[in-house]
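Below is one structure, written out as structure tokens; the observations come after it.
Worth knowing before you read on, the calculation uses all heavy atoms, side chains too, and leaves out hydrogens, waters and symmetry mates. Numbers here are sequence positions counted from 1.
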Amino acid sequence: MRITEMNGIIKNLRWVQNVVLIFLSLLIPVQAQQSDDLPIPPSFKLDGIPRIKNDDVKHLFFDPSAIKNNLIWDVDRSARKLFVTDEKNAIYSLESPLAKPKLVIEGRVPSTLRVSPTSSVVAFNNDKEDPDNYALFLWDGKSEARKLSNFNGKDDSVDSFVWDRDGKSIYYTLNDYETKLTKLCQSDLSASKCFSLELKGLWNVLDIDRDNILFKYWKSSSNQHIFSYSISSGKLTPLTESGNTTKAFFVSGKALLIAEDMPECGSDRCLISVDPRTAKKEIIGLQNVRGYLGDIKPSPDGKLLLVQEAVDGIDSLWIGKIKGRKVVPTASNFLTGSYVVWNTRWLSESEVVFTIENISQPALIRSFDLKSKKTTTWTSSQLPEVLSGTVKSPETIRWKSFDNREISGYVVKPTKIEKKSPVLVFIHGGPQVLDRPTFSSLDVRLATFLGLSIIHTNIRGSRGFGNDFMDADNGAKREDAVRDISSLLDWIAKQPDLDANNVFIRGESYGGFVALATGLRESSRIKGVIAEYPLVSIRNYLQQSWIDEFAKNEYGDPKDEILMKKLDELSPLNNASKWKGTPLFLTRGKLDSRVPEGDVLGLKSQLRDAGADVWFIFATEAGHGVAGRFVSAAMYEFLRTYLRRK
């Protein structure tokens, strides 16, 4: 055969191949459009997840406007209005109570939002451009939001910022998680500069008063300290060096520190007043605080204090003032009903604003006028009718762990229970977090459509129960937190309306680690494990370059080989033979910089090779957190599938 003939045949074959490829490229989208499957996001790679039909999950979802929920917001005192966010990735201006919100910034959900104390200019941080790394933005109401921060490091993030008192500058911390250094920077709203001050570890800026700035240094969750920094002299002065000081703010030129477990306070919590010029300290008692102290915020003139405290996760708000070296109430609790409060602000010298929510009510914003004693609703919340009244009010539960330590949490039950309810146990991340009965549309949907009772746990290591409790899972005591969940399984078995034969364990981040460790330990007592973007191996987690003193205080010294081997035994990674086939739902974000990717992928492969069912979602555009409609639907199908299996 001549070469020219061969070339002609090859060209014809290539033409046929191209036609086939074009046909297939046209055919595949048509098939997808005609399919009754739930659409898979383009950035998701699935492994082991069966087809999910639209008809099986469409009842789970609603238009975003069907659920109204406001959490991140701030007050504009100069115009007596609010800036609020919602579920549509936008920031709105709310000119008056229950007015129609005006869209001002679209496509950005802030981590923190702060309005200038003297104008309507808004500053916020957002990680849209680089997941988990927050940049600082400014919106002046005249043009598009513009970036104020400049990043030079590999892993920079603006994690905290404050306005100065005259609204002319913003001071912020630039945290470099690669070098483990924090810089203090200032923006005059047109350009930014960083001070020569370099701080080792994780620091947050809390408040500023003329020449002095308050910092918080996070050594560990139970070991936080407050420092004062003089801008003019460049001197950094520790205001506390022992105990735990969680918050601080300026009142009339003096720093007020919320402290606990300090010699100055005895065994109680107290406020410590410090004059940064003279270093003189004065103790202010908090004898009128009966529950867990969530926050204290001073009025704009500093004469009154808004106090937030909680008992069994339910908040109260009252007004006090400093008199005779203690905080005395001037207005008793003005909240009616059982709510969790997320955010509080002073709208004026005599009016406070706050967010309230509970497990079955999305967050809404109200204000309380101290003079008229009138409560005003600024935003309304709503649920689709099919979800209204389908869950009971949360019940506080307590159980004894293996060492007789009391552990607590709360349970959300469906309104109607036939015989016994299957159980989903949720373990929060952190671990230094307090899980409270906040609104959860996923909880409401799972309780409504699957009949699940959902138990939220505050196992040892959680915040809100004292420093001893918060440190009770550190280092070699990590297994004790897992044993708290084992003790909860004992408690469930004794409840007449809970089905101990139908228990699932779910956890996020660090909670995912405890869920996995429970799956390894309690395979005979659970039906499945849901581990969302989990920490898988503490050893490998601690070997990352960005790990700081905070992480080592919590999890242990990575050079302690005896400890590392003990912690290795808690994880199913490299222990797949002990897993015993418990079904696993697993997620991972490609851009997650906190947990080594190889750990999650290795775990998935090892458990599957050992014969376990693994449903895996790999999100190529997500960081430390994988969420969305498809994730909720897949989790629902996972639970529904294994609830039906005996």
Side-chain angles (χ1 to χ4, degrees), residues 28-67 69 86-89 107 109 127-128 131-132 362 383-384 386-387 424 426 429 439-450 452 454 504-509 511-512 515 528-534 583-592 595 597 600-601 603-604 607-608 612-644:
I28 291 172
V30 171
Q31 288 176 332
Q33 291 169 3
Q34 294 177 345
S35 171
D36 62 352
D37 288 357
L38 181 71
I40 301 171
S43 63
F44 279 18
K45 296 181 179 180
L46 309 183
D47 192 354
I49 297 181
R51 290 177 56 192
I52 300 175
K53 294 183 178 180
N54 256 318
D55 287 345
D56 291 337
V57 296
K58 64 183 181 181
H59 60 285
L60 297 174
F61 304 112
F62 310 91
D63 184 90
S65 62
I67 298 179
N69 192 30
D86 69 357
E87 295 76 20
K88 295 182 179 179
N89 294 352
V109 174
D127 68 343
K128 182 177 180 179
D132 296 330
L383 275 176
V386 69
L387 297 181
L424 176 63
F426 178 74
F439 172 73
S440 168
S441 65
L442 182 60
D443 275 11
V444 175
R445 286 176 287 175
L446 294 179
T448 300
F449 299 123
L450 292 178
L452 284 164
I454 301 156
F504 294 80
I505 309 293
R506 176 188 170 212
E508 297 174 346
S509 189
V529 171
I530 298 172
E532 299 175 77
Y533 44 97
L584 173 65
F585 182 95
L586 185 65
T587 68
R588 163 73 192 186
K590 174 66 177 175
L591 305 180
D592 189 342
V595 177
E597 180 178 301
V600 181
L601 298 181
L603 175 66
K604 184 254 303 185
L607 294 185
R608 178 161 294 152
D613 288 347
V614 181
W615 296 31
F616 182 55
I617 298 176
F618 186 75
T620 59
E621 296 179 1
H624 193 64
V626 181
R629 178 174 292 217
F630 187 86
V631 176
S632 297
M635 188 186 304
Y636 171 84
E637 283 295 286
F638 176 83
L639 290 164
R640 192 166 73 108
T641 296
Y642 293 103
L643 274 171
R644 293 181 298 190

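No side-chain heavy atom of Phe618 sits less than 4.5 Å from a side-chain heavy atom of Val600. Between Leu387 and Phe449 there is a side-chain heavy-atom pair separated by less than 4.5 Å. Between Leu46 and Ile617 there is a side-chain heavy-atom pair separated by less than 4.5 Å. In this structure, the side chains of Ile52 and Tyr636 stay at 4.5 Å or more apart for every pair of heavy atoms. Residues Arg640 and Leu450 form a side-chain contact, since some pair of their non-hydrogen atoms from C-beta on lies under 4.5 Å apart. Between Leu584 and Phe616, the closest side-chain pair of non-hydrogen atoms is not below 4.5 Å. Within the 4.5 Å cutoff, side-chain heavy atoms of Leu586 are placed close to those of Pro534.
Atoms CG and CG, from Leu452 and Leu424 in turn, are 6.0 Å apart once rounded to the nearest 0.5 Å. Separating the CZ atom in Arg588 from the CG atom in Asp47 is a distance of 15.5 Å, to the nearest 0.5 Å. Here the CD1 atom belonging to Ile49 is positioned 5.5 Å from the CZ atom belonging to Phe630, to the nearest 0.5 angstrom. Atom CG of Asp613 and atom CZ of Arg608 lie 8.5 Å apart (nearest 0.5 Å). For the atom pair CZ of Phe585 and CG of Leu639, the computed distance is 8.5 Å after rounding to the nearest 0.5 Å. Phe426 CZ to Leu442 CG: the interatomic distance, rounded to the nearest 0.5 Å, is 9.5 Å.
Residue Gly512 comes nearest to Ala531 through the heavy atom pair O-CB, 4.1 Å, listed as atom of the first residue, atom of the second, then distance. Heavy atoms only, all atoms of each residue included: Thr641 and Glu637 are closest at OG1-O, 2.7 Å. Minimum heavy-atom separation, Phe44 to Ala619: CE1-CB, 3.5 Å. The two residues Pro131 and Leu591 have their closest heavy-atom pair at CG-CD1, 3.5 Å. Here the shortest heavy-atom pairing between Gly589 and Val626 reads N-CG2, 3.6 Å. Listed here is the closest heavy atom pair of Leu60 and Ala633: CD1-CA, 4.2 Å.
Checked by atom type and distance alone, the side chain of Thr587 pairs as donor or acceptor with a backbone atom of Tyr533 at under 3.5 Å. Under the 3.5 Å distance criterion, the side-chain polar atoms of Asp37 are left unmatched by any main-chain donor or acceptor of Lys53. Panel note: side chain Arg445, backbone Ser441; a donor-acceptor pair is recorded below 3.5 Å.
The side-chain hydrogen bond (donor to acceptor under 3.5 Å, both in side chains) contacts involving residues 615-628 comprise Ser509-His624, Asp592-His624, Trp615-Tyr642, where partners must be two or more places apart or lie in separate chains.
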